[in-house]
Protein chains: 2
Amino acid sequence: MVSASFGDTQTQILDAAEQLFAEQGFGATSLRSIIRAADVNLAAIHYHFGSKEKLIVATIERMAQPIVQAELKQLAAVQAEHPQPTVEAILHAMLAPALEIVYHGQGDRGLTQARLMGRCRTEPTIEPIGAQAFAKSSQTFLTALQQALPDQSTSELTWKFDLVIAMLIRVLCAADQPNAILQDNSPAETAAAIERLVHFAAAGMKS
Amino acid sequence: MVSASFGDTQTQILDAAEQLFAEQGFGATSLRSIIRAADVNLAAIHYHFGSKEKLIVATIERMAQPIVQAELKQLAAVQAEHPQPTVEAILHAMLAPALEIVYHGQGDRGLTQARLMGRCRTEPTIEPIGAQAFAKSSQTFLTALQQALPDQSTSELTWKFDLVIAMLIRVLCAADQPNAILQDNSPAETAAAIERLVHFAAAGMKS
DNA sequence: GTCTATAATTCGATAGAC
DNA sequence: GTCTATCGAATTATAGAC
């Protein structure tokens with residue numbers, strides 16, 4: 001397979017699908033609205049991706065892979081510095097990459113990707129696909145939290161971890177609403193929002 | 001369906017819609033699947049409710065009204081006992097009613113209603129309807145939290161309040177999954193889960 | 001109020017020419 | 001690889017008999 005160059009049909013389809021899936025959800029977005037936005041033919045989607053579901057999988061994986069890699073890289077850096085990192089340091093490595101793409105993406109692309117990540121957990125049909133895309137990250141961070149909080153049982157840490165992810169998802173989905181934790185896309189404001197969220201989540205994890 | 005033989009046509013439709021909307025989401029549930037489950041005619045939905053959207057509004061409001069009333073009643077009771085209730089007491093009044101319907105409801109009705117409440121925030125088209133149904137509760141509890149935590153700014157309390165609601169929604173939506181915070185529907189387990197969630201949320205609110 | 005029948009769209013998917 | 005044309009099925013909604 002040839003790697004997609006800029007303006008490629010596949011890339012045009014993925015870009016349009018990413019934006020529309022993020023805005024409207026997966027089930028509510030028709031292939032016809034995607035081909036209108038991408039300015040391609042309807043048959044091109046089936047030629048390149050096979051079906052709507054395979055397009056959804058490809059869209060999610062393209063969004064998730066850089067985030068998972070960044071999360072694992074930050075955790076590895078933290079662990080290399082301190083053999084036993086604090087809960088705050090682990091949560092920072094876990095939450096920062098997803099929030100940072102909001103302003104690292106070119107134009108509105110970052111906000112779109114953030115919403116798409118959040119949307120992976122809002123539709124029951126889609127949730128397994130999203131869980132699969134983020135599985136490696138989830139397992140690694142849950143293990144790190146168990147080492148940092150050895151007094152808490154696995155089941156307790158599991159539902160707390162789940163609640164922290166739920167908070168991240170909410171922050172991502174509500175990133176453009178008034179009174180959101182993330183007020184604007186500036187690097188300084190994003191860094192401050194990450195600290196607020198880490199602090200809030202760490203207090204709950206230790207409770 | 002046996003249960004469909006009870007009640008009038010409107011109630012049969014609302015019962016079936018409640019269950020299917022909760023399981024599959026609003027957009028993914030067709031009127032035809034509802035009339036099959038309710039054992040009524042397709043035209044009956046349009047005769048009694050006018051359109052799919054109006055049926056969604058009616059279903060959400062029927063679910064939300066008892067919960068909002070219970071939340072406001074519990075908060076009033078807490079405030080009557082102590083003029084300045086603790087954060088934990090406020091959060092308990094805010095979180096307990098929604099979780100308690102899980103086992104107070106007859107049969108699986110409670111779990112269905114809990115999932116439906118959670119689902120109100122997962123589809124962007126539906127979120128304004130759900131926010132409207134819970135608006136009175138949201139305003140009242142945000143005011144109570146501002147009085148209990150006067151050192152925190154309104155914007156800070158607003159996004160923290162939003163995160164607590166996000167956690168509640170997650171608990172409701174994941175109520176039947178393994179490793180969830182709510183392991184089973186017994187009153188004792190539900191009360192314990194409420195305490196865990198209140199403790200987790202209070203730690204974050206005070207952070 | 002309840003039903004049958006159907007209108008009017010929209011959807012995902014595919015065949016086949018180029 | 002890209003296009004036109006279309007299939008078959010699903011959807012919401014409505015008209016009109018009873």
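Atoms considered below: every heavy atom in the structure, side chains included; atoms not considered: hydrogens, waters and symmetry mates. Order of the sequence lines sets the chain letters (A, B, ...), proteins ahead of strands, with each chain counted from 1.
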Roughly how far, to the nearest 0.5 Å, is the CZ atom of A:Phe134 from the OG1 atom of A:Thr140? 13.5 Å
Taking atom P of C:dG1 as reference, at what distance in whole Å does atom CD1 of B:Ile13 sit? 11 Å
The nucleotide from D:dA13, C:dT2, C:dA13 with an atom nearest the side chain of A:Lys52 is C:dA13
Would you kindly give the CG-to-C1' distance between A:Leu55 and C:dC11, to the nearest whole Å? 15 Å
At 4.0 Å (heavy atoms only), tell me whether B:Ala44 reaches a base, stays on the sugar-phosphate, or touches nothing. nothing
On DNA chain C, more 5' by nearest nucleotide between A:Asn41 and A:Ser30 is A:Ser30
Using whole Å, what does the distance between atom C1' of nucleotide C:dC11 and atom CD1 of A:Ile34 come to? 12 Å
A:Arg62 with A:Asp15: basic N within carboxylate O range, under 4.0 Å: yes
Nearest-angstrom distance from the residue atom CD1 of B:Ile45 to P of C:dG1: 16 Å
Between B:His48 and C:dT2, is there a side-chain N or O to OP1/OP2 distance below 4.0 Å? yes
Quick check against the 3.5 Å criterion: does A:Gln12 have a side-chain atom that pairs as donor or acceptor with the backbone of A:Ala38? yes
Nearest whole angstrom, please: distance from the P of C:dC11 to the CG of A:Leu20. 12 Å
Atom CD1 of B:Ile35 and atom C1' of D:dA10: how far apart are they, to the nearest Å? 13 Å
Criterion salt bridge (charged side-chain N to carboxylate O under 4.0 Å, His left out) on A:Lys206 and A:Glu156, from CA distance to verdict: CA-CA 11 Å; A:Lys206 296 187 211 167; A:Glu156 188 173 3; over 6 Å; no
Among D:dT14, C:dC11, D:dG1, which nucleotide sits nearest the side chain of A:Arg32? C:dC11
Taking the side chain of A:Leu31 as its heavy atoms from C-beta onward, which of C:dA13, D:dA13, C:dC3 lies nearest to it? C:dA13
Scan A:Thr29 against the nucleic acid and name what it touches under 4.0 Å (heavy atoms): base, sugar-phosphate only, or nothing. sugar-phosphate
Would you give the length of the straight line joining atom CD of B:Gln24 to atom CZ of B:Arg119, rounded to the nearest 0.5 angstrom? 9.0 Å
NE2 of B:His46 versus P of D:dA13: gap in Å, rounded? 4 Å
Between D:dA13 atom C1' and B:Leu42 atom CG, what is the distance in whole Å? 8 Å
Establish, with yes or no, whether the OP1 or OP2 oxygen of C:dG12 is under 4.0 angstrom from a side-chain nitrogen or oxygen of A:Ser51. no
